[in-house]
Amino acid sequence: KHRLGDAYTSSLQLHRLDVKTTELMTIADACVTLSVTRKTLYRMIVAGALPAPKRVAGFRQLYFDRHAFDVAVRKALR
């Protein structure tokens, strides 16, 4: 029913907030956006340059809140 990585209209619960999946970004999407490897992305998270990804209830994959990710990237590029 649900395909990870695809935009679909149902909502998932992310830390007690209803978030549409179009507002979520996978680790792979973040790597492609920043043109870095997974290892580099995790280093950036540990260094505090990016927000920590969250786990959506019922899914194994980690997701970024797209808005928080964009804000952090813009702040890092200043």
Side-chain angles (χ1 to χ4, degrees):
K1 183 178 175 182
H2 298 298
R3 292 170 293 171
L4 296 176
D6 292 342
Y8 54 93
T9 57
S10 66
S11 293
L12 298 174
Q13 192 171 24
L14 178 67
H15 289 272
R16 299 181 186 155
L17 298 173
D18 278 337
V19 177
K20 290 191 179 195
T21 55
T22 55
E23 296 174 7
L24 299 177
M25 176 181 247
T26 63
I27 296 291
D29 293 337
C31 289
V32 170
T33 301
L34 297 176
S35 300
V36 297
T37 63
R38 280 176 100 76
K39 191 172 184 177
T40 303
L41 188 77
Y42 286 120
R43 285 181 189 153
M44 293 170 76
I45 293 167
V46 169
L50 294 176
K54 309 291 184 209
R55 190 174 311 276
V56 176
F59 290 100
R60 296 173 110 189
Q61 199 165 10
L62 295 172
Y63 293 92
F64 287 104
D65 175 28
R66 190 173 297 273
H67 176 70
F69 180 83
D70 289 340
V71 167
V73 169
R74 277 189 236 120
K75 183 179 176 183
L77 292 176
R78 281 193 225 167

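Worth knowing before you read on, the calculation uses all heavy atoms, side chains too, and leaves out hydrogens, waters and symmetry mates.
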Heavy-atom pair of closest approach, residues Ala49 and Ala72
O-CB, 3.7 Å
If every non-hydrogen atom of Phe64 is compared with every non-hydrogen atom of Ala52, which pair is closest and at what distance?
CE2-C, 4.4 Å
Report the C-alpha separation of Tyr42 and Val46 in whole Å, then their side-chain angles, then the decisive distance to 0.1 Å, and conclude whether the side chain to side chain contact (heavy atoms under 4.5 Å, CB included) test is met.
CA-CA 6 Å; Tyr42 286 120; Val46 169; 5.5 Å; no
Are the side chain of Arg55 and the backbone of Arg60 linked by a donor-acceptor contact shorter than 3.5 Å?
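Pair found, side chain donor or acceptor close to backbone of Arg60.
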Can you tell me how far [atom2] of [Y] sits from [atom1] of [X], rounded to the nearest 0.5 angstrom?
X	Y	atom1	atom2	value
Leu50	Lys75	CG	NZ	11.5 Å
Met44	Cys31	CE	SG	9.5 Å
Leu24	Arg66	CG	CZ	8.0 Å
Phe69	Asp29	CZ	CG	9.0 Å

Do Val36 and Val73 sit in one hydrophobic cluster, given that two such residues count as connected whenever their side-chain heavy atoms are within less than 4.5 Å of each other, even indirectly?
yes
Is there a side-chain contact between Ile27 and Pro53, using heavy atoms and a 4.5 Å cut-off?
yes
Side chains of Met25 and Asp65: does their closest heavy-atom pair fall under 4.5 Å?
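A side-chain contact is absent here, since even the closest heavy-atom pair is not under 4.5 Å.
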What's the verdict on side chain to side chain contact (heavy atoms under 4.5 Å, CB included) for Gln61 and Thr26, showing C-alpha distance, side-chain angles and the deciding distance?
CA-CA 7 Å; Gln61 199 165 10; Thr26 63; 3.6 Å; yes
